[in-house]
Amino acid sequence: MNDKIRLRFAPSPTGALHIGGVRTALYNYLFTQKMGGTLILRIEDTDQTRYVPGAEAYILESLRWLGMEFDEGPGIGGDFGPYRQSERKSLYGKYAQNLIDSGNAYYAFDTPEELTAMREAYESRKETFRYDGITRQQLNNSLTLSAEEVKTKLESGEPYTIRLKVPRDEEVLINDIVRGEVVFRTNELDDKVMLKGDGMPTYHLANIVDDHLMKISHVVRGEEWLPSTAHHVLLYRFLGWEDTMPQFAHLPLILKPSPDSYITKENKVALAERLVDEFFNKNQEINQSYRSDALAFLSQIFQDKKNVVAKLKISKKDDDNKRALKVFLKSNLSGKLSKRDGDRLGFPVFPLSWVGETKEDSFKGFREFGFMPQAMLNFLAFLGWNPGTEQEIFSLAEMVDAFSLDRIGKAGARFDFDKAKWFNQQYLIQSDNATLVELLKPMVKEKNYEVTDEYLTAAVGMMKERVNTLPEIIETGYYFFEPVKEYEEKMIHKKWNPDRKTALLDLKEQLENLPEYQAEKLEASTKIYLEANGLGFGDVFPFYRIALSGTTKGPALFEMMEALGKAEVEKRLLTAFPAFDKVFATKINS
RNA sequence: GUUCCUGUGGACAAAUUGGUUAAGUCGUUGCUCUUUCACAGCAAAGAUUGCGGGUUCGAGCCCCGUCAGGAAUACCA
């Protein structure tokens, strides 16, 4: 055990844990395991307005399902607790006070409303307001007010925040494990709030204080944190902790699939309508009469699907509506993967299903899509990292072994659901049938199918390499559990010959008289029959197959017959042939 | 707008750190196997490494410029 290596995964309980968060957790996990270090779970719940009940439980359950174990955390214990920031509230004030005392922070009395108004005023002049070394000289804070005024305000209980006093004309150098050296000039940094009006710390303060107190050695987090890392380094410096500052590793973002990859002739109209619906939903103030224009614009940019995003560039000629539309589309068609994407594009972005207050806030998870946790982890591991070898399938233990921070890439990784399905299929094929049967049982029960383990095992064995996810076994392979719903007409139209029935029934009878209704025996007997009657496999197989499963695709015929059993096969053949006649008749009539 | 990050076939990516003909996987297409589908195996198509300069005997890799995409720019994390 290496007690110098201590990492933390620090999610915020504001909803379901996003796939990007899961990957962050995974990389933290892999690195600690590899180094023999300690992994800590810390709940960052300093924003009570965004707190969502159940989110923490969801995070815990997700991590457990995925098989990532933590050494310290809420409910786990450890010597550095508590591990919920809300329970550490009293700790942070002291450090904020330190900052004030050392002249590196100040009280600010500006109200949120004042600041919003300020931002809007700047906005209207096409500028961006920043609370920084210049603007703070005109604002309502302990730097501009007299000591007397500040004292009165404080004593009268007027709400205040404590802001970091970012120094002028300095450079902050960050030595990031994945990005290398990154330099920020302090003149470009804003005076971030450290302590909020409600006495809670912001992420920035809480994070640094906790990382220090918990003796964190490496901070592995998403790239979205890179810009504020300069502030964090400043904080370590001002608090006198610079020599024990953790090392940073900023992970590349997980990006949405590019629109070019999923827009097709078939779906582009529906996609456009859906986007326009969402647009008006989100921008209630925009008149519905703009709708047809919006749709026209979308079908125009979807026309040639190349470079869809580039066509969203705002031009001076655009009116307000078009501008709003473009901004909306851009945020929906490019950039970081978001929870809405899964919904729209039909893939999961959360490990487990999440049931929110509304339908819009409820999402289906990887587990419910039928993914195996190990497959999801394996897929995620390759989003931003690779071992440099040709191996792609890794058990968790193998991943730990192969993992290193310096093989993490810098460019954003594009979410590719096809690849995810491929990983799952590999795991499905690799898993033994008994394991899969256990996983499948709840779904079988839900559908009220009554089957024996033995039968399920046979079905799983036949179906698992033909599907991507677990539920597909009983969805596309439903005919193992209930009568055929629909016969594939194309083959019937093309090849069915009502006169063939006699032979097919003949063969059926011959097979039924076999001492054992077993795949190899059935096959051997069929061969003999075909030869004797001058028939080929193609004359018989497709019809047996459609009769039994409704489709010409699927597992080997004789194995299917064995599994279904003599009686069921007979029943299906006898109902199918008349049905084929009927289907065939419609062809002649039409 | 500003700051920072990132650009290698459709997607993910490798390239022994400046060395010959730019790996591999997914996806696509074809072939083999097979009664079908899938799996597996084989093969093909797909790249002037975003673009333009420069340094060098030699550049995907170093330098300069440029373009594009992304992130951040909250009393959110």
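It should be emphasised that the depicted structure is a prediction, and the values quoted were computed from it without experimental measurement. Each chain gets a letter, A, B and so on, in the order its sequence line appears, and its residues count up from 1.
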Would you please name every residue forming a side-chain hydrogen bond (donor to acceptor under 3.5 Å, both in side chains) with A:Glu523, sequence neighbours left out?
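Once residues adjacent in sequence are excluded, A:Glu523 has no partner under the side-chain hydrogen bond (donor to acceptor under 3.5 Å, both in side chains) criterion.
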
How would you list, by chain and number, every residue that makes a side-chain hydrogen bond (donor to acceptor under 3.5 Å, both in side chains) with A:Glu489, sequence neighbours excluded?
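Checked A:Glu489 against side-chain hydrogen bond (donor to acceptor under 3.5 Å, both in side chains); zero matches.
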
If only side-chain N and O atoms of [X] are considered, is one of them under 4.0 Å from the OP1 or OP2 phosphate oxygen of [N]?
X	N	result
A:Ser334	B:G70	yes
A:Arg119	B:A74	yes
A:Lys196	B:A77	yes
A:Asn386	B:C12	no
A:Thr49	B:C76	no
A:Arg163	B:C75	yes
A:Gln426	B:A40	yes
A:Lys410	B:C5	no

Of the nucleotides [options], which one has an atom closest to the side chain of [X]?
X	options	answer
A:Glu465	B:C39, B:U3, B:C76	B:C39
A:Arg466	B:G1, B:U6, B:C37	B:C37
A:Val182	B:U35, B:C4, B:G27	B:C4
A:Arg50	B:G69, B:C76, B:U3	B:C76
A:Arg414	B:C4, B:A72, B:A11	B:A11
A:Asp416	B:U36, B:A11, B:A77	B:A11
A:Arg179	B:A77, B:U6, B:G70	B:U6
A:Lys336	B:U36, B:A72, B:G27	B:A72
A:Arg407	B:U2, B:C76, B:A14	B:A14

Pair of N/O donor and acceptor under 3.5 Å linking B:U73 base with A:Arg130 side chain
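By the distance-only test, no, there is no pair.
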
Under a 3.5 Å cutoff, is there a donor and acceptor pairing between the side chains of A:Ser12 and A:Glu44?
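There is no such pair (donor and acceptor under 3.5 Å, judged by atom type) between the side chains of A:Ser12 and A:Glu44.
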
Duplex segments of RNA chain B, taken as runs of at least three Watson-Crick or G-U pairs that stay under 3.5 Å:
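Looking at RNA chain B, the stems formed by three or more consecutive pairs are B:1-7 with B:67-73, B:10-12 with B:24-26, B:28-32 with B:40-44, B:50-54 with B:62-66.
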
Parallel, tilted or perpendicular for A:Trp496 and A:Phe580, by the 30°/60° rule?
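Rings of A:Trp496 and A:Phe580: perpendicular, over 60°.
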
I want to confirm an ordering. Mapping A:Ile429 and A:Glu224 to their closest nucleotides on RNA chain B, which one lands closer to the 5' end?
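Checking each residue's closest nucleotide, the 5'-ward one belongs to A:Ile429.
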
